[in-house]
Novice: 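What follows is a single structure, and I will ask about it in a moment.
Note that the structure is a prediction, hence the values are computed from the model and not measured. Throughout, a chain's letter reflects where its sequence line sits, starting with A, and its residues are numbered from 1.
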Amino acid sequence: MTDAAIPAAGAAGLPRSVHDNRFLAFNRRLIREKPLGAVGGAVFLLFLLAGALADVIAPFGLNETDMLRRLEAPNLAHWFGTDHLGRDVFSRILMGAQLSMIVGLAAAGLATVVSIVLGVLSGYLGGRIDMLIQRFVDAWMTFPDLVLLIVVVSIVGPGVPQIVLILGLLYGIAGSRIVRGAVISVRENMYTHAAQSMGATTWHILRRHILPNIMPVVIVLFTTRIGAVILAEAGLSFLGLGVPPPAPTWGGMLSDSGRSYLYLAPWLALAPGLCLTAVVYAINVYGDALRDLLDPRMRGSR
Amino acid sequence: MMTAPADQTAPLLEIEDLSVAFRTERGLVRAVDGANLTLRAGETLALVGESGSGKSVTALSILGLLGDNARVERGRILFEGEDLLRLDRRALRGIRGHRISMIFQEPMSSLNPVLTIGRQVAEPIRLHQGRSWPEALDQAAELLARVAIPDPRERLAQYPHHFSGGMRQRVMIAMALACQPRLIIADEPTTALDVTVQAQILELLKTLTRETGAALLLITHDLGVVARYAERVAVMYAGRIVESASARALYGTPRHPYTEGLMASVPSLTGEPRARLLTISGQPPDLADLPPGCAFAPRCPHVHELCRGTVPALQPATGTSDRDHRSACHGYP
């Protein structure tokens with residue numbers, strides 16, 4: 001049908017201003033009802049901004065060494081101290097945030113798309129297609145993630161695009177189970193039958209009834225996948241299979257200078273470690289809060 | 001009560017010898033077995049029976065909405081002379097919600113919780129009549145007004161959870177009426193509602209079908225509903241139509257022991273106080289394992305030898321006020 005141009009809320013016939021303020025109203029509710037989730041969202045946004053503006057705000061160059069100021073503890077000039085080559089840790093953390101965010105958002109986005117396509121096909125069409133897809137997913141999930149990652153990376157070589165593709169497929173295929181479950185429960189709802197009885201096409205039912213109703217699941221899937229993917233990328237980089245040095249990845253910083261100078265200069269490990277923890281925790285609580293708020297059955301009366 | 005249009009009008013819906021079977025783990029279960037039904041334009045036909053008697057399956061097969069594990073074995077479903085069972089998916093979609101629409105049992109889950117009422121009511125109008133959103137919404141507001149929902153304009157912007165069960169069923173009726181269908185199928189439309197709301201909803205359905213001239217196929221297990229709202233009645237038992245007649249004739253002179261049993265088991269306000277409520281003894285039969293003869297024979301008070309061996313055919317009954325009165329019983333020739 002040709003109604004794609006209709007804005008989601010325009011049909012309600014409400015005055016325009018109401019819709020323009022929806023985003024603001026939603027965020028007000030987030031802060032009021034889910035303060036922890038709001039903090040999580042803010043922290044994640046902070047890292048996102050830090051990553052986006054890393055080139056501008058980083059006080060030192062990425063690979064600018066100063067051998068006279070090696071392993072300096074955090075001070076006014078070097079907020080997070082310096083590493084064994086005299087590089088500014090704060091600047092490298094910022095650049096690392098950029099990499100983490102690029103990998104995290106891109107791979108989680110890809111994973112979500114893969115999950116939706118596989119899950120919706122499998123769950124809505126059912127029958128033989130469902131059987132085929134599910135046996136494929138079963139087989140896929142028998143491979144341990146890490147082994148698969150190591151094998152693929154050693155074949156195609158390390159690099160951002162490869163990592164995004166691999167992580168996206170890996171998590172996408174596993175996540176399709178969750179989407180499939182949600183689709184099946186929505187499909188059995190009376191309103192999809194009712195829509196069918198009104199002459200709606202399969203495509204229309206998928207778009208209007210299935211997709212909007214699995215959105216809470218998809219949003220949580222996407223947000224938790226961001227965290228998982230960032231962690232996985234850090235793990236790969238830690239093992240030297242991620243983005244190759246001298247690119248400043250958090251995982252690379254942990255294994256490289258962090259591990260070697262753990263007793264002498266603990267900030268070298270603490271800085272990337274705490275950043276990783278903070279980002280993953282922040283995105284997870286934010287995702288949970290979104291899920292709770294987006295479910296219309298939990299919406300309070302107006 | 002409105003009288004049905006004269007008999008000579010061609011039937012709007014004619015179900016001939018319909019059989020539907022389901023593949024289950026226990027083998028093939030025949031949910032509908034050789035059912036015949038005729039519905040004339042503007043008429044209200046009640047399809048009565050217990051749970052599992054095949055009434056909902058009959059209704060779903062009209063619109064081709066049976067699940068993947070169901071198969072129509074034989075029969076025809078003629079709607080305005082066209083066999084619905086032979087239409088492809090595309091043609092069927094053009095009929096669904098347009099010329100035939102359906103109201104389901106569960107008003108609480110029949111509406112999509114994440115879409116506004118306006119979108120959902122306007123949807124069939126846009127789908128089948130190709131209207132723009134503003135036009136369709138105008139029409140949706142009119143429809144809500146017709147089903148007696150106050151402040152229809154404001155209500156369009158609200159979500160299903162703002163509506164009570166009765167109000168949601170009104171919305172469903174509005175959706176069903178949207179394209180002025182010739183036939184509305186209501187599958188136990190009031191079962192999930194409060195008793196006080198039930199009468200309002202049925203009254204509304206009756207009024208609106210009368211105004212629009214739509215025929216109504218009312219599926220119910222409530223004989224009280226049948227008496228007040230239907231012109232004709234078909235009684236189903238174990239997938240077969242066992243009796244069909246005008247409502248008046250069916251109540252006055254039932255010609256099947258199952259119908260008699262159903263009527264005897266309706267509680268009465270005027271009967272003797274503290275009288276025991278009559279029930280039909282035994283259980284409804286297992287569809288996967290039907291007796292060879294009349295399916296009602298094991299529970300029938302008047303059973304004789306013939307009943308256990310041969311399935312009785314649906315044939316004209318005698319001693320009744322309705323010439324179209326038919327029953328399938330060896331005991332009432």
Novice: When only pairs under 4.5 Å are counted, which of Gly127(A), Ala194(A), Ser197(A) shares the most heavy-atom pairs with chain B?
Specialist: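 Top count of heavy-atom pairs under 4.5 Å with chain B: Ser197(A).
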Novice: With a 4.5 angstrom heavy-atom cut-off, is it the side chain or the backbone of Met108(B) that approaches chain A, or both, or neither?
Specialist: neither
Novice: Any Lys/Arg nitrogen of Asp138(A) or Arg177(A) sitting under 4.0 Å from an Asp/Glu carboxylate oxygen of the other?
Specialist: yes
Novice: Under 4.5 Å from any heavy atom of chain A, what part of Arg90(B) do you find: side chain, backbone, both or neither?
Specialist: neither
Novice: Between the side chain of Gln105(B) and the main-chain N/O of Asp187(B), is any donor-acceptor distance below 3.5 Å?
Specialist: no
Novice: Between Leu111(B) and chain A, which part of the residue has a heavy atom less than 4.5 Å away: side chain, backbone, both or neither?
Specialist: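 Only the backbone of Leu111(B) comes within 4.5 Å of chain A.
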Novice: For the residue pair Ser122(A) and Gln134(A), confirm or rule out a side-chain donor-acceptor distance under 3.5 Å.
Specialist: yes
Novice: Before accepting this row, confirm whether a basic side-chain N of the pair Asp138(B)/Arg153(B) lies closer than 4.0 Å to the acidic partner's carboxylate O.
Specialist: yes
